[in-house]
Colleague: 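Handing you a structure now.
Positions are given from 1 along the sequence.
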Amino acid sequence: MALSPNATVSAPPLSGLARRFVANQLLSEEQARDSQAKALRNSRPFVTQLIDDKLIPAFRLAEVASTEFGTPLLDLSSVEPDVNAIRELGEKLIRTQHALPLFKRGRKLYLALSDPTNLQALDEFKFASGFATEAILVEEDKLAKAIEVAASAIQASSIGTGDSDLENLSIEAGDEAGAANEPAASEEEDAPIIRYVNKVMIDAINRGCSDIHFEPYEKKYRIRYRMDGELKEIASPPVQLGGRLAARLKVMSRLDLAERRVPQDGRIKLKLSASKSIDFRVSTCPTLWGEKVVMRILDSSSAMLGIDALGYEQVQKDHYLKALGKPQGMILVTGPTGSGKTVSLYTGLNILNTEDCNISTAEDPAEINLPGINQVNVNPKVGLTFAAALKAFLRQDPDVIMVGEIRDLETAEIAIKAAQTGHLVLSTLHTNDAPQTLTRLLNMGVPAYNVASCITLIIAQRLARKLCKICRQPDSVPREELLREGFTPADVDSPDFVIYKAVGCEQCNDGYKGRTGIYQVMPVTDAIARIIMENGNAIEIADQARREGVSDLRQSALKKVRDGALDLTEANRVTTD
């Protein structure tokens, strides 16, 4: 075959693995050469380059490599690597060679590799361990994840072995917002603690956590992340380090180091890059065995997701947007702590945040920083209460006012007065559902005619864990049980009806990945207003809302089960019949 004029005669030969991929028509020769050259330039394994370029699925790649080189193929998720071997050989070697020790048998060390041509890794581990080495082939994506888990375990165990080993920590962290006033001597003395705390914070951000708990006990100290609404222990440093960890967090939060008898609240801003920063709300609480510290991760980008990302059904979204478009009235969002009320409110504020709109908020404290909005942290110690802030807002020519929470009659009366005098007011209450919100205001002492005339929309909400779309599987539930759960006979008998259950895979947390909102969006119609004026109760209001087509929280959860977003277990956890 004649060479074309533009062919590169001196092109390097394809490796055995690359040749096999070309022969199996998984790659074109051009793709194979290009990836091989990029891997060489980047000093990385050829297999890793293929996965990053998304040219071949990881499992198919491993199958072909196993056939080509006769190396046994192992599902890495089905084995538990030898922690002692990993710790002895160290994070640097594992990352550099992109290989993971699995176990030892006699004088042989078995290594997980995704590239069987990576002979250098076998030699390096043989030299470092003094053992003969043998390769076991695994999928690249699973190997990369296992290496990250192993690295985290090495770092956690380093801080868990005592003060003498703390000096060996090498943890990457973001910029420290709170360490500017810390004495230089203290920084040098506690450098490993500083790096470790920063590592915990960065890992929590990367995992999408909402809270970090630092908890001292008599014989144990543990660190837990709240991921997708569930708490999970991720590290257990020695209990004697509890005071130093709490002190570091208090320094970063500008709290009083000497005061350990009363709770304190502070804030940390962690700069990840020139354009990206994450705020942490920090709360300390004295316990029997030291100070417990809880950090809430406040990501302003959550308000920028848009209303479509929150999980509203179309009719619910239309109700919310219609209420936001009115020049006056009150929108109330209700639900327990951690149900996403703040994100719902700020999503609405972000929609209203235009050049011609003056928006002011009073919060305790402000959780999301949104440019273009005048945000005030209430401070009851100096007299800056929600009511005082509201009175000040009304003298500031406002268009939209947001009150973090209506806690008392005075705040409620001022907010209602603002809603009746040409302002749009958004706020929250702690009630179980939308109808109970109206009766709660009446029980607080707000006159019925004020409640009926100024409140335009009530949103009750919960947050539920979404099923992982990769590993979810159809669930078999008896028809009678489905009917008891609240599904209608028409739902159950439909040929398209299928519900799913959580399974769990490498890409999720026990079968769940991310969270979605479950909502009851109830407009206050003329009929509901008449019930309020006639001193009707929450049951009567709920019956009228149902007649008007408003789905309650349970119905909204079951709809998401039918759509495959939730399983019945999660729907039952966050809602009741």
Colleague: Take Arg248 and Asn198, measure what side-chain hydrogen bond (donor to acceptor under 3.5 Å, both in side chains) needs, and give me the verdict at the end.
Modeller: CA-CA 10 Å; Arg248 173 60 190 162; Asn198 285 342; 4.8 Å; no

Colleague: Donor-acceptor pair, distance only, cut-off 3.5 Å: does the side chain of Thr284 make one with the backbone of Pro263?
Modeller: no

Colleague: I'd like to know whether CD1 of Ile539 has more than 12 heavy-atom contacts from other residues, nucleotides or ligands below 6.0 angstrom.
Modeller: no

Colleague: So does Arg465 get a backbone contact from the side chain of Asp228, meaning a donor-acceptor N/O pair under 3.5 Å?
Modeller: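 Side chain of Asp228 to backbone of Arg465: no pair is present.
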
Colleague: Between Leu566 and Ile518, is there a side-chain heavy-atom distance shorter than 4.5 Å?
Modeller: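 Ile518 reaches Leu566 side chain to side chain.
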
Colleague: For the side chain of Lys560 and the backbone of Thr516, is there at least one donor-acceptor N/O pair under 3.5 Å apart?
Modeller: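 Answer holds: no.
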
Colleague: Provide the closest heavy-atom pair for Ala415 versus Leu390 in the form atom of the first, atom of the second, distance.
Modeller: N-CD1, 4.0 Å

Colleague: When you compare the side chains of Ser344 and Gln461, does any donor N or O come within less than 3.5 Å of an acceptor on the partner?
Modeller: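 Result is yes, a qualifying pair exists.
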
Colleague: side-chain contact (heavy atoms from CB on, under 4.5 Å) between His423 and Val400: does it pass, once the steps are laid out?
Modeller: CA-CA 6 Å; His423 309 98; Val400 179; over 6 Å; no

Colleague: Any side-chain heavy-atom pair from Gln473 and Tyr500 closer than 4.5 angstrom?
Modeller: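 Sidechains of Tyr500 and Gln473: no contact.
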
Colleague: Do you know which two heavy atoms are closest between Gly404 and Thr428, and how far apart they sit?
Modeller: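 Of all heavy-atom pairs spanning Gly404 and Thr428, the closest is O-OG1, 2.5 Å.
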
Colleague: Where is the tightest heavy-atom contact between Ile297 and Ala204, given as atom of each residue plus distance?
Modeller: CD1-CB, 3.8 Å

Colleague: Just checking, is any N or O donor in the side chain of Asn450 or Gln420 under 3.5 Å from an acceptor N or O on the other one?
Modeller: yes

Colleague: Ser494 and Asp496: side-chain donor and acceptor closer than 3.5 Å?
Modeller: no

Colleague: So does Leu310 get a backbone contact from the side chain of Tyr519, meaning a donor-acceptor N/O pair under 3.5 Å?
Modeller: yes

Colleague: Give me the atom names and distance for the closest heavy-atom approach of Met201 to Ile212.
Modeller: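 Met201 and Ile212 have their closest heavy atoms at CA-CD1, 4.1 Å.
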
Colleague: Is a donor on one side and an acceptor on the other found under 3.5 Å between the side chain of Asn374 and the backbone of Ile359?
Modeller: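 Pair found, side chain donor or acceptor close to backbone of Ile359.
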
Colleague: Have Asp318 and Tyr312 got a donor and an acceptor in their side chains that come within less than 3.5 Å?
Modeller: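 Looking only at side-chain atoms, Tyr312 and Asp318 do not form any donor-acceptor pair under 3.5 Å.
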
Colleague: Taking side chain as C-beta onward, heavy atoms only, is Asp265 less than 4.5 Å from Val282?
Modeller: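 No, every pair of side-chain atoms sits at 4.5 Å or beyond.
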
Colleague: Would Met402 and Leu349 count as a side-chain contact (heavy atoms from CB on, under 4.5 Å) here? Give the steps.
Modeller: CA-CA 8 Å; Met402 196 269 272; Leu349 291 179; 4.1 Å; yes

Colleague: Taking the side chain as every heavy atom from C-beta outward, state whether Phe214 and Val294 have any atom pair closer than 4.5 Å.
Modeller: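 When only atoms from C-beta onward are counted, Val294 and Phe214 do not touch, as no gap falls below 4.5 Å.
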
Colleague: State plainly whether the residues Asp493 and Arg479 are in salt-bridge range, i.e. N to O under 4.0 Å.
Modeller: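 Arg479 and Asp493: salt-bridged.
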
Colleague: How about Asp408 and Thr411: does a side-chain donor come under 3.5 Å of a side-chain acceptor?
Modeller: yes

Colleague: With a 4.5 Å limit on heavy-atom distance, are the side chains of Leu424 and Gln328 in contact?
Modeller: no

Colleague: Do any N or O atoms from the side chain of Lys417 and from the backbone of Ala412 form a donor-acceptor pair under 3.5 angstrom?
Modeller: no

Colleague: Hey, are Arg547 and Asp543 close enough for a salt bridge, meaning a charged N less than 4.0 Å from a carboxylate O?
Modeller: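 Looking at Asp543 together with Arg547, the answer is no, because their closest N to O distance does not fall below 4.0 Å.
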
Colleague: For a side-chain hydrogen bond (donor to acceptor under 3.5 Å, both in side chains) check, start with the C-alpha distance between Asn350 and Thr347, then their side-chain angles and the critical distance, and finish with the verdict.
Modeller: CA-CA 5 Å; Asn350 195 42; Thr347 299; over 6 Å; no

Colleague: Hey, is Glu410 close enough to Lys391 for a salt bridge, meaning N to O under 4.0 Å?
Modeller: yes

Colleague: Under 3.5 Å, is there a donor-acceptor pair between the side chain of Glu534 and the main chain of Ile531?
Modeller: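 Such a contact is absent between Glu534 side chain and Ile531 backbone.
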
Colleague: Looking at CE of Met252 and CZ of Phe280, how far apart are the two atoms once the value is rounded to the nearest 0.5 Å?
Modeller: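 CZ of Phe280 is found 8.0 Å from CE of Met252.
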
Colleague: Would a distance-only check, ignoring hydrogens and angles, find a side-chain to backbone donor-acceptor pair under 3.5 Å from Gln520 to Ala434?
Modeller: yes

Colleague: Under a 4.0 Å threshold between the charged nitrogen and the carboxylate oxygen, would Glu291 count as salt-bridged to Arg261?
Modeller: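 Glu291 and Arg261: not salt-bridged.
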
Colleague: Among side-chain atoms of Arg462 and Ser339, is any donor-acceptor pair under 3.5 angstrom?
Modeller: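 No pair is found: no donor N or O on one side chain lies under 3.5 Å from an acceptor on the other.
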
Colleague: Are Pro523 and His319 packed together at the side-chain level, in the sense that at least one heavy-atom pair is separated by less than 4.5 angstrom?
Modeller: yes

Colleague: Could you walk me through whether Val403 and Ile414 pass the side-chain contact (heavy atoms from CB on, under 4.5 Å) test, one step at a time?
Modeller: CA-CA 11 Å; Val403 187; Ile414 300 172; over 6 Å; no

Colleague: Salt bridge (charged side-chain N to carboxylate O under 4.0 Å, His left out) for Arg224 and Glu230? Distances and angles first, verdict last.
Modeller: CA-CA 10 Å; Arg224 294 192 289 174; Glu230 297 291 311; over 6 Å; no

Colleague: Distance alone, cut at 3.5 Å: any donor-acceptor contact between the side chains of Arg222 and Tyr217?
Modeller: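 Yes, a side-chain donor-acceptor pair sits under 3.5 Å.
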
Colleague: Any donor and acceptor pair, going by atom type alone, linking the side chain of Ser236 with main-chain N or O of Tyr221 inside 3.5 Å?
Modeller: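 Flag set: sc Ser236 to bb Tyr221 pair under 3.5 Å.
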
Colleague: Give me the atom names and distance for the closest heavy-atom approach of Ile528 to Val524.
Modeller: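 What the structure gives for the nearest pair is CG2-CG1, 4.2 Å.
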
Colleague: Quick check: do Leu245 and Val197 have side-chain heavy atoms less than 4.5 Å from each other?
Modeller: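 A side-chain contact exists here, since the closest heavy-atom pair is under 4.5 Å.
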
Colleague: With rounding to the nearest 0.5 Å, note down the distance linking CG in Leu558 to OG1 in Thr488.
Modeller: 9.5 Å

Colleague: Is Lys501 paired with Asp567 through a side-chain N to carboxylate O contact shorter than 4.0 Å?
Modeller: no

Colleague: Hydrogens and angles aside, do Asp364 and Asn379 bring a side-chain donor and acceptor to less than 3.5 Å of each other?
Modeller: no

Colleague: Could you tell me which non-hydrogen atom of Ala538 sits nearest to which non-hydrogen atom of Thr439, and how far apart they are?
Modeller: N-CG2, 3.5 Å

Colleague: Between Asp491 and Arg562 (salt bridge meaning N to carboxylate O under 4.0 Å), is one present in this structure?
Modeller: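 Looking at Arg562 together with Asp491, the answer is yes, because their closest N to O distance falls below 4.0 Å.
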
Colleague: Before accepting this row, confirm whether a basic side-chain N of the pair Lys250/Asp256 lies closer than 4.0 Å to the acidic partner's carboxylate O.
Modeller: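 No, Lys250 and Asp256 are not salt-bridged.
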
Colleague: Between Lys199 and Asp203, is there a side-chain N and carboxylate O pair less than 4.0 Å apart?
Modeller: yes

Colleague: Side-chain donor-acceptor pair under 3.5 Å between Arg267 and Asn377, yes or no?
Modeller: no

Colleague: Quick one: pull up CD in Gln264 and SG in Cys285 and give me the separation to the nearest 0.5 Å.
Modeller: 11.0 Å

Colleague: Can you name the one residue among Val550, Thr437, Leu332 that meets side-chain contact (heavy atoms from CB on, under 4.5 Å) with Met522?
Modeller: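 Running side-chain contact (heavy atoms from CB on, under 4.5 Å) over Val550, Thr437, Leu332 with Met522 returns exactly one hit, Val550.
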
Colleague: Under a 3.5 Å cutoff, is there a donor and acceptor pairing between the side chains of Gln544 and Glu548?
Modeller: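 Indeed, the side chains of Gln544 and Glu548 share at least one donor-acceptor pair under 3.5 Å.
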
Colleague: Is the closest side-chain donor-acceptor distance between Gln396 and Ser360 under 3.5 Å?
Modeller: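 The answer is no; no qualifying pair exists.
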
Colleague: In the structure I gave you, are the side-chain heavy atoms of Ser283 and Val293 within less than 4.5 Å of one another anywhere?
Modeller: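 Of all side-chain heavy-atom pairs linking Val293 with Ser283, none is under 4.5 Å.
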
Colleague: I'd like to know if the side chain of Arg440 reaches the main chain of Leu429, judged simply by a donor and an acceptor atom lying under 3.5 Å from each other, with no hydrogens or angles considered.
Modeller: no

Colleague: In a check of side-chain contact (heavy atoms from CB on, under 4.5 Å) between His430 and each of Thr334, Ile406, Thr337, which one passes?
Modeller: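 Among Thr334, Ile406, Thr337, the one that satisfies the side-chain contact (heavy atoms from CB on, under 4.5 Å) with His430 is Thr337.
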
Colleague: Would you sort out whether Asp475 and Ile499 count as a side-chain contact (heavy atoms from CB on, under 4.5 Å), showing the intermediate values?
Modeller: CA-CA 6 Å; Asp475 196 5; Ile499 64 175; 4.1 Å; yes

